[in-house]
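The analysis underlying the following values was restricted to heavy atoms, covering all of them including side chains, and did not include hydrogens, waters or symmetry mates. Each chain gets a letter, A, B and so on, in the order the sequences are listed, and its residues count up from 1.
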Amino acid sequence: MSIRIPEKPGLEGLDERWSNQWESDKIYRFDRSAPREGVFSIDTPPPTVSGSLHVGSACSYTHTDIVARYRRMRGDAVYYPMGWDDNGLPTERRVQTHFGVRCDPTLTYDASFVPDDRAGKLPSGHRAVAISRRNFLELCGRLVAEDEVVFERLWRRIGLSVDWELTYTTIGERARRASQRAFLRNLARDEAYQADAPTMWDVDDQTAIAQAEIEDRELEGSYHRLAFHRVDGGGDVHIETTRPELLAACVALVAHPDDARYQPLFESFVRTPLYDVEVPVLAHRLADPEKGSGIAMICTFGDTTDVVWWREMQLPTRSIIERNGRISEERPEVITTDRGRANYAEIAGKNVKQAQARVVELLQATGEMIGAAKAITHPVKFYERGKRPLEIVASRQWYIRNGGRDNDRRAAFLRRGEELDWIPGYMKARYDSWVEGLNGDWLISRQRYFGVPIPVWYRVDAHGEPNFDDRILPDESVLPVDPSGETPPGFTDAQRGVAGGFVGDSDVMDTWATSSLTPLLASYWEEDPDLFARVYPMDIRPQAYEIIRTWLFSTVVRSHYETDCLPWKHATISGWVLDPDRKKMSKSKGNVVGPMDWIDKYGADALRYWAGSARPGADTAFEEAQLKVGRKLAVKVLNASKFVLGIAGDDSDDLDKICEPLDRAMCAQLAILVDEATVAFEAFDYARALERTESFFWDFCDNYLELVKSRAYSTGAGRDSAAVSLRLALNTLLRLFAPFLSFATEEVWSWWQ
RNA sequence: GGGCCGUUAGCUCAGGGGGAGAGCACUUCCUUGACACGGAAGGGGUCGACAGUUCAAAUCUGUCACGGCCCACCA
């Protein structure tokens, strides 16, 4: 044994040195011979690489690393992969702004295309260059490759003990293959299906959106009171609406069956203002007598209640909003009067806002709007990344059954939630309320480009029309496929889009449809059965609470279908990192704190310490002061270790030499600490383990070390007792600290071993 | 409308039936040979409010208030 202790130990350079050493020694490689019961496997969240890196990411990934390091010290073979979520709309958007391009799938590939790297810095008037789908996808791939390098550098720097041979991306070939394979199996088992139905639609991104991606925002709006005219000449019926621009899409009025005011009108007809279309007055339980005038107009489609009414009462479809958010140029056929046509021409081609303003002017001019608009604020549905309210558009989409329309499945998924060990336990309530509140199946198709293609072709009939019920599916062995570029078996490319030929499904799957497979993907499902059996189902899913309804739930759904079990035993849910003013950090607010600068200033251990003090599930404010405390602690560990090893570096570990009462008392306390920390770690309460260890350690330094100093410098049995005790304490404390202060403890270990 | 979490020192938070705690900040002092990126001493709180259970409540129960969040509704 040789002890080489630096004259003046310091933290400078430890992060770089040890993270490089760990990688070159490959000490975090998974042991593929470990039996399942000796494995601890982690379904690492693949970070969205186009997202911003802030200390929140560093914090939650450190939590998982703390757990991983603890399990490894307990003797487990830790399976700790890393994925990159590069698939999806965030990347497309970044490519669009970064390179100043937009995808036009009608263009052909231009191999000589060179993007303008300065485009992102050009003035906003700069027009996006239209490029082919393939060119666009190439740029996506190029940008995410750069992003992934930045992420990996950060993860290594904060000391994540990831097995860097186990990386995957959600757009990579393995992910596309797994995602398409899982989809085809869902389809074969009737867990996936296609339907032409009204769906929530983002008019800017021009794609359908799933319920899980929708959020409410409070918006200014106003009630407009409109006069419908009774066909029997009995006068007017007044309704109130926040969306007068949809008047041309009105298909009925509706009131509650028990509402005496409107009972005489049920089954009679009224004429719409401006357009003179006759619509029925109907009764339905969902009509609320308390709202507005108690009678509402049903439009196809103003909100989700309209969809319910439309479906349950089998009303006609009279859509006027196009996929781009503008009023259709094509007038509904039912508008036949001259003034109806003229009034429609006034709004055709306008966007929703413009159309609303014009409709109100027209209504005021005809006197069919009663009084002034009443300003209100009301919740409006938005795509969570969107800028304009969602519209409801009828379109053909793919769905996966998630219990939203099926009580047996819903109950099965609620039971899966019961089976799962939630940390902290109260996070389960979010899962339950989400599953209980589902109002439809999971819409997985997106009318976008940078995603996993839906692996389906359709036969084209003799008239040249695709028959969406006549599907051609690829064999699993040829996956992944791109139906937009590849030809189904038995066809030639010349038959694409022609009568008797085929067309490829042009949609891609939503990114959650692929990331819901991370436990399968990371475990090499169907690719390495031996490995899969050793690591799946996995032990933990670490993630943030805000994606319980998306990532966690959808993963439970997919694993339930594919492997008939939970994908993991425990879900460790981390909180948010807030800025020092307790506001959520977000790029748009400009309050994002980047981790690298802080690591440069205080060291990775300081950041790990700060992260380790955050309790599972709790929001944490970013505090520079805590980094200073962490740094101070790491320095203290180095100095105390230098002292202990300076005295007892060459002593034995013969515990029988511990004879002094003071030493024995300290060792007894140490044993209690180990028990407490172990219990805490086993329950994933790393913050408590850290707090107990830290508290013991400072007391150890300030009191025990001072008391024992003179004896330790002397000779005889008392000195030996002190020396052996010091070695034991240091050895133990280094282990307890190692999951947190991984660099400082590794440094000390290297002096000693 | 239903639900979850929180409210303890100036700040960040731990504790969880019987002494009100830690770190930071603040005050005073100490270049003692592991460490000045250190150490010693100290001031500072009716533990959100009210009621109940109990010999005893910051801690358990209930009600309420405030803050944050989730779900539903959203004409």
Side-chain angles (χ1 to χ4, degrees), chain A residues 5 7-12 211 215-216 218-219 221 223-226 238-244 246 250 253-255 286-299 302-306 309 376-381 424-439 545-546 548-549 575-576 578 580 582-584 602-603 606 610 613-615 617-647 687-688 690-692 694-695 698-699 701-703 705-706 709-710 712-713 726 730:
Chain A
I5 306 173
E7 199 57 34
K8 193 139 179 72
L11 297 175
E12 279 61 39
Q211 183 184 358
E215 66 181 22
D216 283 350
E218 283 291 327
L219 231 57
Y223 277 124
H224 304 77
R225 195 174 182 93
L226 311 186
H238 292 173
I239 63 104
E240 288 197 357
T241 180
T242 54
R243 301 208 56 186
L246 290 177
C250 177
L253 298 190
V254 65
L286 285 183
D288 183 352
E290 303 296 315
K291 276 190 188 144
S293 59
I295 185 165
M297 72 169 180
I298 304 174
C299 303
D303 61 36
T304 49
T305 319
D306 280 343
W309 283 324
I376 54 158
T377 58
H378 62 150
V380 176
K381 290 194 188 308
Y426 57 77
M427 287 296 176
K428 178 175 169 291
R430 290 172 187 253
Y431 178 92
D432 289 341
S433 60
W434 175 253
V435 177
E436 283 160 6
L438 287 168
N439 57 27
Y545 57 70
E546 109 264 16
I548 287 174
R549 69 182 197 173
W576 277 96
L578 309 172
R582 311 231 93 223
K583 296 277 184 299
K584 190 172 143 184
Y602 296 108
W610 164 73
S613 339
R615 310 197 91 79
D619 290 345
T620 317
F622 179 76
E623 243 197 313
E624 186 172 356
Q626 282 302 106
L627 296 186
K628 291 184 186 168
V629 174
R631 182 180 173 85
K632 203 171 110 170
L633 177 64
V635 169
K636 192 77 172 178
V637 166
L638 295 180
N639 282 314
S641 301
K642 179 187 168 202
F643 172 66
V644 169
L645 293 175
I647 286 170
R688 176 183 286 262
L690 173 59
E691 190 263 327
R692 301 304 306 142
E694 185 185 6
S695 163
W698 283 108
D699 182 66
C701 290
D702 296 344
N703 297 310
L705 287 189
E706 296 302 330
K709 219 174 229 177
S710 57
Y713 280 130
L726 286 169
L730 180 65

Query raised in the report: Quick one: D288(A) CG to rA72(B) C1', roughly how many Å, whole number?
Result: 14 Å
Requested in this report: Give Q211(A) one of three labels, base, sugar-phosphate or nothing, depending on what nucleic acid heavy atoms sit under 4.0 Å from its own.
Outcome: sugar-phosphate
Requested in this report: Answer with yes or no whether D702(A) presents, from its side chain, a donor or acceptor under 3.5 Å of a partner atom in the base of rC35(B).
Outcome: no
**Report entry** Spacing between R692(A) atom CZ and rA22(B) atom C1', to the nearest angstrom
**Finding:** 10 Å
Report task. Is it possible for you to check whether K291(A) lies under 6.0 Å from the centre of the six-membered ring of Y223(A), through NZ or CZ, and within 45° of that ring's axis? Result -> no
Query - Distance, rounded to the nearest Å, where N639(A) contributes CG and rC35(B) contributes C1' - result: 4 Å
Query raised in the report: So what does T305(A) hit on the nucleic acid, given a heavy-atom distance under 4.0 Å: a base, only sugar-phosphate, or nothing?
Result: sugar-phosphate
Query raised in the report: Taking the side chain of K8(A) as heavy atoms from C-beta outward, which of rU12(B), rC35(B), rG39(B) is closest to it?
Result: rC35(B)
Query raised in the report: What does D306(A) touch in the nucleic acid at a heavy-atom separation under 4.0 angstrom: a base, only the sugar-phosphate, or nothing?
Result: nothing
Query - Cationic N near anionic O, under 4.0 Å, E436(A) to R549(A) - result: no
Query raised in the report: Salt bridge or not for K709(A) and E706(A), using N-O below 4.0 Å?
Result: yes
Query raised in the report: Can you tell me the Watson-Crick or wobble partner of rA51(B), both distances under 3.5 angstrom?
Result: rU61(B)
Requested in this report: Please work out if L726(A) contacts a base, only the sugar-phosphate, or nothing of the nucleic acid, heavy-atom cut-off 4.0 Å.
Outcome: nothing
**Report entry** Spacing between Y426(A) atom OH and rG3(B) atom P, to the nearest angstrom
**Finding:** 18 Å
Report task. For V635(A), answer base if it contacts any base atom (sugar-phosphate contacts may also be present), sugar-phosphate if it contacts only those atoms, and nothing otherwise; contact means non-hydrogen atoms under 4.0 Å. Result -> base
Report task. Provide the distance between the two C1' atoms, one in rC13(B) and one in rG17(B), to the nearest whole Å. Result -> 22 Å
Report task. Give Y545(A) one of three labels, base, sugar-phosphate or nothing, depending on what nucleic acid heavy atoms sit under 4.0 Å from its own. Result -> nothing
Requested in this report: For R631(A) and rC35(B), give me the distance from atom CZ to atom P, rounded to whole Å.
Outcome: 17 Å
Query raised in the report: Between the base of rC37(B) and the side chain of K632(A), is there any donor-acceptor pair under 3.5 Å?
Result: no
Query raised in the report: What is the nucleic acid contact for L705(A), judged by heavy atoms within less than 4.0 Å: base, sugar-phosphate only, or nothing?
Result: base
**Report entry** Touch class at under 4.0 angstrom, heavy-atom based, for E706(A) against every strand present
**Finding:** base
Query raised in the report: What interatomic distance, in whole Å, is found between P of rA9(B) and the corresponding atom of rG15(B)?
Result: 15 Å
